[in-house]
2 protein chains.
Amino acid sequence: MKLTEAKQHFISSWGAFGTHWGINRTMAQIHALLLISPDPLTQDDMMEELNISRGNTNMNIRELINWGLVERVLLSGERKEYFTAEKDIWKVVKQIVKERKKRELEPMLQLLDKLEAVEGDKRDKHVKTFVDTVSSIKKLGKQADKTLDTMIKAEESWFVSSLMKMFK
Amino acid sequence: MKLTEAKQHFISSWGAFGTHWGINRTMAQIHALLLISPDPLTQDDMMEELNISRGNTNMNIRELINWGLVERVLLSGERKEYFTAEKDIWKVVKQIVKERKKRELEPMLQLLDKLEAVEGDKRDKHVKTFVDTVSSIKKLGKQADKTLDTMIKAEESWFVSSLMKMFK
DNA sequence: CCGAATTTTCAATAATTATTGAAAATATAT
DNA sequence: ATATATTTTCAATAATTATTGAAAATTCGG
């Protein structure tokens, strides 16, 4: 397979992959493109490679910057802005985990805390099932939260080798 | 907070949560409803509780059954079908991980294998960056795949206590 | 400060995805 | 077998989400 074709495959399947994870296609594709680009790219480069409009490109680049996955680069002597993505995949994964934890897991745990304190007699099976379900989700969620915190701090080498031994 | 209100909150936020994970709102809400229901429910029960149409209810129940999260229950003397959800959250998580691994991670790893074998001179930085990116994603993906396999087999008690020690 | 280059915004539109509801198919009791 | 209850399908529609493109805002060199 030629590089051009391989790049197309990579970008389009990264985009499709993203849609399964609540990330929009274009955002994932821009990210994919930057991941495989040795040098920083401009908005125009991305528009051309991915055949998307200026507005779409711009909004999704900003979103990737918010996620901490892409950053602006200033190239001296150039008027245009350039962008580059973190290439260390372990760092990328940690960054995504960190953001999703903050945006989704933490608010969910806060809600569960409130819901667990529902009024009512636990001898009523409706109350009991509700409280039991909420409590068990909360328990697992809290554990996941701690685990992810540690993961976020970890080095890849440590992570891989520890897990290899642990889950052999 | 009263039970009725708490249930509403739980169902609607479980639905919103689902949409961040590529699961449609209704499917997540039906699942939530079944999780907190002490007894099996019929399609009509769900239609009424969630204010959704028969067709929508039916399609999403079947989808939940495909995911292995819900099953039919036959109640003797009843003409209607009843449905119930697995209540053990650890089993639920394992089932979801198992399915998503099969549906998303494994096909991605297969693709990466092919893309890694791209033609071209690795002294060309475009080729090099492409191959390096693909390889490192593949490496991490393969590790995740193994780790998840072990997790799928694990008992919750084992999982929680091991991780507690590991990630103290 | 001026003017050109560049970036950003956002209302309009397109594309995608979810939902309805009624008809068809299936199952069951008598 | 027939009538009735129940489930399933799916074309039509609604709702949501993504994308465009042109106008406005900003930046920056001279």
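Every chain is numbered from 1 and lettered A, B, ... according to where its sequence line falls, protein lines coming before strand lines.
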Any side-chain donor-acceptor pair under 3.5 Å between Arg62(A) and Asn58(A)?
yes
Could you go through the salt bridge (Lys or Arg N to Asp or Glu O under 4.0 Å) check for Lys102(B) and Glu106(B) one step at a time?
CA-CA 6 Å; Lys102(B) 187 172 75 193; Glu106(B) 287 167 14; over 6 Å; no
Name the pairs: protein N/O against N/O of nucleotides 19-22 of chain D, kept only if under 3.5 Å.
{"residue": "dT19(D)", "atom": "OP1", "partner": "Thr26(A)", "partner atom": "OG1", "Å": "3.0"}
{"residue": "dT19(D)", "atom": "OP2", "partner": "Thr26(A)", "partner atom": "OG1", "Å": "2.7"}
{"residue": "dT20(D)", "atom": "OP2", "partner": "Ser53(A)", "partner atom": "N", "Å": "2.7"}
{"residue": "dT20(D)", "atom": "OP2", "partner": "Ser53(A)", "partner atom": "OG", "Å": "3.0"}
{"residue": "dT20(D)", "atom": "OP2", "partner": "Asn56(A)", "partner atom": "ND2", "Å": "3.2"}

Could you go through nucleotides 13-15 of chain C and list every protein N or O atom that sits under 3.5 Å from one of its N or O atoms, giving the distance for each pair?
none

The side-chain contact (heavy atoms from CB on, under 4.5 Å) partners of Pro107(A) (sequence neighbours excluded) come to none
Item checked: Gln43(A) side chain to Thr57(A) side chain, donor-acceptor N/O pair below 3.5 angstrom -> no
Taken to the nearest whole Å, CG/Leu41(A) to P/dT6(C) is 16 Å
When rounded to whole Å, the NZ to C1' distance for the pair Lys80(B) and dT8(D) reads 16 Å
Check Asp132(A) with Lys125(A), please: is the shortest side-chain N to carboxylate O separation under 4.0 Å? no
Rounded to whole Å, the CE-P distance (Met46(B) to dT8(D)) equals 11 Å
In terms of heavy-atom contacts, Ile61(B) and Met46(B) come closest through CD1-SD, 3.6 Å
task: Determine, for Asp149(B) against Lys101(B), whether the closest basic-nitrogen to carboxylate-oxygen distance falls under 4.0 angstrom.
output: yes
request  = Fit a plane to each ring of Trp21(B) and Phe17(B), take the angle between them on a 0 to 90° scale, and name the class: parallel (under 30°), tilted (30 to 60°) or perpendicular (over 60°).
outcome  = tilted
On DNA chain C, more 5' by nearest nucleotide between Thr19(A) and Asp44(A) is Asp44(A)
Asp45(B) CG to dT6(D) C1', in whole Å, measures 14 Å
note: Leu64(A), atom CG; dA18(D), atom P; distance rounded to Å ~ 14 Å
Is it true that Arg103(B) and Glu99(B) make a salt bridge, defined as a side-chain N closer than 4.0 Å to a carboxylate O? yes
Can you give me the N/O atom pairs linking the protein to nucleotides 26-30 of chain D at distances under 3.5 Å, or say none if there are none?
{"residue": "dT27(D)", "atom": "O2", "partner": "Arg79(A)", "partner atom": "NH2", "Å": "3.0"}
{"residue": "dC28(D)", "atom": "O2", "partner": "Arg79(A)", "partner atom": "NH2", "Å": "3.3"}

Please report, to 0.1 Å, the donor-acceptor pairs under 3.5 Å made by any side chain of residues 23-32 of chain A, with sequence neighbours excluded.
{"residue": "Asn24(A)", "atom": "OD1", "partner": "Thr26(A)", "partner atom": "N", "Å": "2.9"}
{"residue": "Asn24(A)", "atom": "OD1", "partner": "Met27(A)", "partner atom": "N", "Å": "3.0"}
{"residue": "Asn24(A)", "atom": "ND2", "partner": "Asn60(A)", "partner atom": "OD1", "Å": "3.2"}

_Counting only side-chain nitrogens and oxygens, does Asn58(B) get under 4.0 Å of the OP1 or OP2 atom of dT8(D)?_
yes
To the nearest angstrom, the OH-P distance between Tyr82(B) and dA5(D) comes to 15 Å
Rounded to whole Å, the CG-P distance (Leu74(A) to dT6(C)) equals 14 Å
Per-pair distances, 0.1 Å, donor-acceptor, side chain in residues 77-85 of chain A, under 3.5 Å, sequence neighbours excluded:
{"residue": "Lys80(A)", "atom": "NZ", "partner": "Asp44(A)", "partner atom": "OD2", "Å": "3.1"}
{"residue": "Glu81(A)", "atom": "OE1", "partner": "Arg72(A)", "partner atom": "NH1", "Å": "3.0"}
{"residue": "Glu81(A)", "atom": "OE2", "partner": "Arg72(A)", "partner atom": "NH1", "Å": "2.6"}

Arg62(B) atom CZ is separated from dT6(D) atom C1', nearest whole Å, by 14 Å
